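Here's the structure we're looking at; comments come further down.
Chain letters run A, B, ... following the sequence lines, proteins first and then strands; every chain starts at 1. In this text, all values refer to a predicted model and were calculated from it rather than measured experimentally.
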Amino acid sequence: MLTINQIRDNSEKVIERLKIKNFDAAKIIEKILKADQDRRRLQGEADSKQNEMNTISKEIGMLFRQGKTGEANNAKEKTGIIKEEIKQLNQKLSDSILALDELLVQLPNLPHETVPTGRSSEDNEEIRSGGRIPELDKGALAHWDLAAKYNLIDFELGNKITGSGFPVYRGDGAKLQRALINFFLDENRSAGYEEFLPPLMVNEDSGFGTGQLPDKEGQMYHVTIDNFYLIPTAEVPVTNIYRDVIVDEDELPIKNTAYTPCFRREAGSYGKDVRGLNRLHQFDKVEIVQVQHPDLSYNTLEEMVSHVEGLLKKLELPYRIVKLCGGDMSFTSALTYDFEVYSAAQKKWLEVSSVSNFESFQSSRLKLRYRDKNTKKPLLAHTLNGSALALPRVVAALLENNQTEEVINIPKVLYPYTGFTTIVSGKK
RNA sequence: GGUGAGAUGGGUGAGUGGCUGAAACCAUCAGUUUGCUAAACUGACGUACUGGGUAACUGGUACCGGGGGUUCGAAUCCCCCUCUCACCGCCA
């Protein structure tokens, strides 16, 4: 969330910036500034009243120790009213803090100054593209047909065991999945990321820390009996490692990677978008997360972008990178690059990664700070993350783009991981 | 699931109603001494909110797992919750 200090000092600028996200903040900001004033006033009143009380209490203690019981008891008499006043002031104070927080969490992150204006994905700015879009024969199959033909993924079986959106990978399909996970993790490690294998369920505090709660509550599976949430992305557990942490400036940047399954309810999604692997309730993803000094976070963002681009190049997939416009960006992001691969049989661009700088938006919720080398003061760090990569759509594109009439070719870089170079039908 | 013991600052750990925001030790940082390293000595060393000051700094308030209560006054007493450890039960 934006901090009150950010808003207090630059309220006009905040309103101006949020217009790029098509968010009219003027009214909320006005309320925030008012609530902030209330809070500070009440804080001052409550504090000085409490001070008065503390002073009297100390005197009473002194009197008792000196044996002046009568005077002490006299002093006690006076405390009743003050006590009541403190109680009321504190109640007002906590109400006003609550009111302020409620307003603050409604404000989205400020978009970076390079974010293009726009309403929807139509207005995103293509940064660059790479790879070659293959020319497929007329009879080319979409990945769900290929999955059936080569016995790689069984959607029906997943339906039976759980429900739609929970596919069963089998045979070479399962192996390909494992190969990709290992390939991504190895590449990330080579780039200096530490590997984590975190819990797949998180508590409420973690959900709040990365911004999933309270807004996106309906998007997560909730295990009510223990009040845990199934993670929608490894970002949640991996970023929450640093909740309530102050790191030394020297430790930055912190680079972490993790493979996890991801669980998303995708409430409200339906239609042809969800066919095959395009949109699932459970899918595999390898995530990269960085914690960085504010001055360097945009360099880091570019570094992460080229790292992810490198993965797509190695997989020989046709891709494009787009910078999201204000209207298409997430609530929490300051700047986001989306990566899309071309799935040649569906003739569609599919999003396989989203790399974002959140600046201090997550840190302020997480209370993630670094200690400034010179001033020794704790300051909010910047967090960034991205997929490297999300598997299902990569698999969809790999299958579709590399199909021939008899086989599906595996990209060379995966040979050591799959142990096979082509997928042929009939094989178990 | 049952029983018992715990949860204190970066760490170990003292503290059972007021003089404790918190001893001591370790770690860390700065300085002194010292051919270098080490050792020794001296000093500094939590966070948040808030008032004053350009600032160094300084006044106030809160925080000893979380929440509530008793009391003029709570790390300390009471209640609830969470977590940790040990033993038992169950179990991959």
query = Which is true for A:Asn54 with a 4.0 Å heavy-atom rule: it touches a base, it touches only sugar-phosphate, or it touches nothing?
reply = sugar-phosphate
query = Should A:Asn401 and A:Leu398 count as side-chain neighbours, where that means a heavy-atom distance under 4.5 Å?
reply = no
message = Under 4.0 Å, heavy atoms only, any strand: does A:Met62 hit a base, just the sugar-phosphate, or nothing?
response = nothing
remark   = To the nearest angstrom, the CG-P distance between A:Asn203 and B:rG66 comes to 15 Å
request  = Using the C1' atoms only, state how far B:rU61 lies from B:rG65, rounded to an integer number of Å.
outcome  = 22 Å
task = Establish, from distance only, whether the side-chain atoms of A:Gln50 and A:Asn54 form a donor-acceptor pair under 3.5 Å.
result = yes
ask   = When you check the gap from the basic side-chain N to the acidic O, do A:Arg371 and A:Glu249 get nearer than 4.0 Å?
value = no
task = Report which part of the nucleic acid A:Arg39 touches: base, sugar-phosphate, or nothing (heavy-atom distance under 4.0 Å, all strands).
result = sugar-phosphate
inquiry  = Both conditions, 6.0 Å and 45 degrees, for the charged tip of A:Arg365 above the ring of A:Phe208: are they met here?
reply    = yes
ask   = A:Met53 has an atom CE; how far is it from atom P of B:rG18, in whole Å?
value = 17 Å
query = According to the Watson-Crick and G-U wobble definitions, with both distances under 3.5 Å, which nucleotide is paired to B:rG65?
reply = B:rC81
task = Name the closest nucleotide to the A:Arg40 side chain, picking from B:rG51, B:rU47, B:rC19.
result = B:rG51
ask   = Taking atom P in both B:rA23 and B:rG46, what distance in whole Å separates the two?
value = 11 Å
task = Hey, which sits more toward the 5' end of RNA chain B by its nearest nucleotide, A:Ala75 or A:Asn5?
result = A:Asn5
request  = Flag the pair A:Lys373 and A:Asp250 as a salt bridge only when some basic side-chain nitrogen lies within less than 4.0 angstrom of an acidic carboxylate oxygen.
outcome  = yes
inquiry  = When the C1' atoms of B:rA27 and B:rA44 are compared, how many Å lie between them, rounded to an integer?
reply    = 14 Å
Base-pairing assignment for B:rC87 (Watson-Crick or G-U wobble, both under 3.5 Å) = B:rG2
Atom C1', compared across B:rU20 and B:rC63: separation rounded to whole Å = 14 Å
message = Give me the distance, rounded to whole Å, that separates B:rG17 from B:rC91 when you measure between the P atoms they each carry.
response = 48 Å
ask   = Which residue lies toward the 5' end of RNA chain B, A:Gly80 or A:Lys87, if each is placed at its nearest nucleotide?
value = A:Lys87
key: Distance between P atoms of B:rC29 and B:rG15 (Å, rounded)   = 31 Å
message = Using a heavy-atom cut-off of 4.0 Å across all strands, would you classify A:Ile60 as base, sugar-phosphate, or nothing?
response = base
task = Using the C1' atoms only, state how far B:rA24 lies from B:rC45, rounded to an integer number of Å.
result = 16 Å
message = In whole Å, I'd like the distance from the NZ atom of A:Lys76 to the C1' atom of B:rU71.
response = 8 Å
task = For A:Arg369 and B:rC49, give me the distance from atom CZ to atom P, rounded to whole Å.
result = 8 Å
ask   = Using atom C1' of each nucleotide, how far apart are B:rA5 and B:rC90 to the nearest Å?
value = 23 Å
request  = Look at the side-chain N and O atoms of A:Lys376 and state whether any lies under 4.0 Å from the OP1 or OP2 oxygen of B:rG46.
outcome  = no
query = In whole Å, what is the span from the CG atom of A:Asp250 to the P atom of B:rU28?
reply = 14 Å
request  = May I ask you to say whether A:Asp38 pairs ionically with A:Arg41, meaning some side-chain N is under 4.0 Å from a carboxylate O?
outcome  = yes
key: Under 3.5 Å on both distances, the Watson-Crick or G-U partner of B:rU34   = none
request  = Give the rounded distance in Å between these two atoms: CG of A:Asn90 and P of B:rG69.
outcome  = 11 Å
ask   = Which is true for A:Thr79 with a 4.0 Å heavy-atom rule: it touches a base, it touches only sugar-phosphate, or it touches nothing?
value = sugar-phosphate
inquiry  = Whether A:Glu187 and A:Lys314 form a salt bridge (side-chain N of Lys/Arg under 4.0 Å from carboxylate O of Asp/Glu) is what I want to check.
reply    = yes
message = Below 4.0 angstrom, which residues in residues 41-52 of chain A have at least one non-hydrogen atom near RNA chain B?
response = A:Gln43, A:Asp47, A:Gln50, A:Asn51
request  = Could you tell me how the ring of A:Tyr370 sits relative to the ring of A:His293: parallel (under 30°), tilted (30 to 60°) or perpendicular (over 60°)?
outcome  = tilted
request  = Find the distance A:Glu71:CD to B:rC72:C1' and express it as a whole number of Å.
outcome  = 15 Å
query = Salt-bridged, A:Arg39 to A:Asp36, with N to O below 4.0 Å?
reply = yes
key: Strand partner of B:rG59, provided both Watson-Crick or wobble distances fall under 3.5 Å   = B:rU50
task = Can you tell me the pairing partner of B:rA74 across any strand shown, Watson-Crick or G-U wobble, with both distances under 3.5 angstrom?
result = none
key: Euclidean distance, atom NZ of residue A:Lys58 to atom C1' of B:rG60 [Å, nearest integer]   = 11 Å
remark   = As its Watson-Crick or G-U partner within any shown strand, both distances under 3.5 Å, B:rC19 has none
ask   = For B:rA24, which nucleotide is its Watson-Crick or G-U wobble mate, given both distances must be under 3.5 Å?
value = B:rU12
ask   = Between B:rC49 and A:Arg8, is there an OP1 or OP2 to side-chain N/O distance shorter than 4.0 Å?
value = no
request  = Before accepting this row, confirm whether a basic side-chain N of the pair A:Lys49/A:Glu84 lies closer than 4.0 Å to the acidic partner's carboxylate O.
outcome  = no
inquiry  = Is there a side-chain contact between A:Arg371 and the phosphate of B:rG46, meaning an N or O under 4.0 Å from OP1 or OP2?
reply    = no
